[in-house]
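Because the structure is predicted, anything quoted here is derived from the model rather than measured.
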Amino acid sequence: MAELIGPRLYSCCNCRNHVSLHDDIISKAFHGRNGRAFLFSHAMNVVTGPKEDRHLLTGLHTVADVYCGDCRELLGWKYERAYDASQKYKEGKFILEKSKIVKENW
């Protein structure tokens, strides 16, 4: 009998709360505060902080920090607004830092 395999997930490094699906990765070529980061189309079981304007590598963006919904570990940020037309594709997307998430069901 074959085992049922669930979706590949990413979880909070601190408490293992599921925060995103592997299938929602848009790009692995991003940088966060602490190194490599992934751009996700969706995140789950997270809460966002207040919106603020930040000068990032690709220009000025309005972002909101993203925290684990269970333990409140800072995981990355959500792009709320991009001021440069070439960066508009990031709006509504999530950056999760590789050092803050772990793989589940791989």
Please assess R16 against E104 for the test salt bridge (Lys or Arg N to Asp or Glu O under 4.0 Å), listing each intermediate value before the final yes or no.
CA-CA 9 Å; R16 299 298 196 264; E104 300 275 351; 3.7 Å; yes
Rounded distance (nearest 0.5 Å) linking atom CZ of R33 with atom CG of L56
9.0 Å
Treating E80 as the side-chain partner and A64 as the backbone partner, does any N or O pair qualify as donor plus acceptor under 3.5 Å?
no
Mind listing the closest non-hydrogen atom pair of N17 and G69 along with its distance?
ND2-N, 3.8 Å
To the nearest 0.5 Å, how far apart are NE2 in H55 and CG in L60?
5.0 Å
State which residues pass ring-ring contact (aromatic ring centres under 6.0 Å, His included) with F40; sequence neighbours excluded, sorted by chain then number.
Y10
With side-chain hydrogen bond (donor to acceptor under 3.5 Å, both in side chains) as the rule and sequence neighbours excluded, what pairs involving residues 66-79 come up?
E73-K100
As a quick check of understanding, evaluate side chain to side chain contact (heavy atoms under 4.5 Å, CB included) for D65 and T48, giving each step before the final call.
CA-CA 6 Å; D65 284 337; T48 55; over 6 Å; no
Take atom NZ of K88 as the centre, draw a 6.0 Å sphere, and report whether it contains more than 12 heavy atoms from other residues, nucleotides or ligands.
yes
Side-chain heavy atoms of H61 within contact of Q87, under 4.5 Å:
yes
State whether E91 and R81 are salt-bridged, where the test is any N-O pair (Lys NZ or Arg NE/NH1/NH2 against Asp/Glu carboxylate O) under 4.0 Å.
no
With a 3.5 Å cut-off and no angle check, do the side chains of D53 and T62 form a donor-acceptor pair?
yes
Donor-acceptor contact present, side-chain D24 to main-chain S41, <3.5 Å
no
N34 to S99 - nearest heavy-atom pair and separation:
CB-OG, 4.0 Å
Closest non-hydrogen atom pair, L96 against S20
CD1-CB, 4.0 Å
Show your reasoning for whether side chain to side chain contact (heavy atoms under 4.5 Å, CB included) applies to K93 and I26.
CA-CA 9 Å; K93 310 293 189 301; I26 296 169; 3.5 Å; yes
Whether E52 and R54 form a salt bridge (side-chain N of Lys/Arg under 4.0 Å from carboxylate O of Asp/Glu) is what I want to check.
yes
Ion pair D84/K90, N-O distance below 4.0 Å
no
Starting from L74, can I reach V47 by hopping between I/L/V/M/F/W/Y residues whose side chains sit under 4.5 Å apart?
yes
Quick one: closest heavy-atom pair of P7 and N105, and the distance?
O-ND2, 3.3 Å
For C12 and L75 the tightest heavy-atom approach is SG-CD2, 4.3 Å
Hey, quick one: are I101 and V66 part of the same hydrophobic cluster, counting side-chain heavy atoms closer than 4.5 Å, chains of contacts allowed?
yes
Is it true that F30 and F38 fall in one hydrophobic cluster, defined by side-chain heavy atoms closer than 4.5 Å?
no
Would you say the side-chain atoms of K103 and S11 include a donor-acceptor pair closer than 3.5 Å?
no
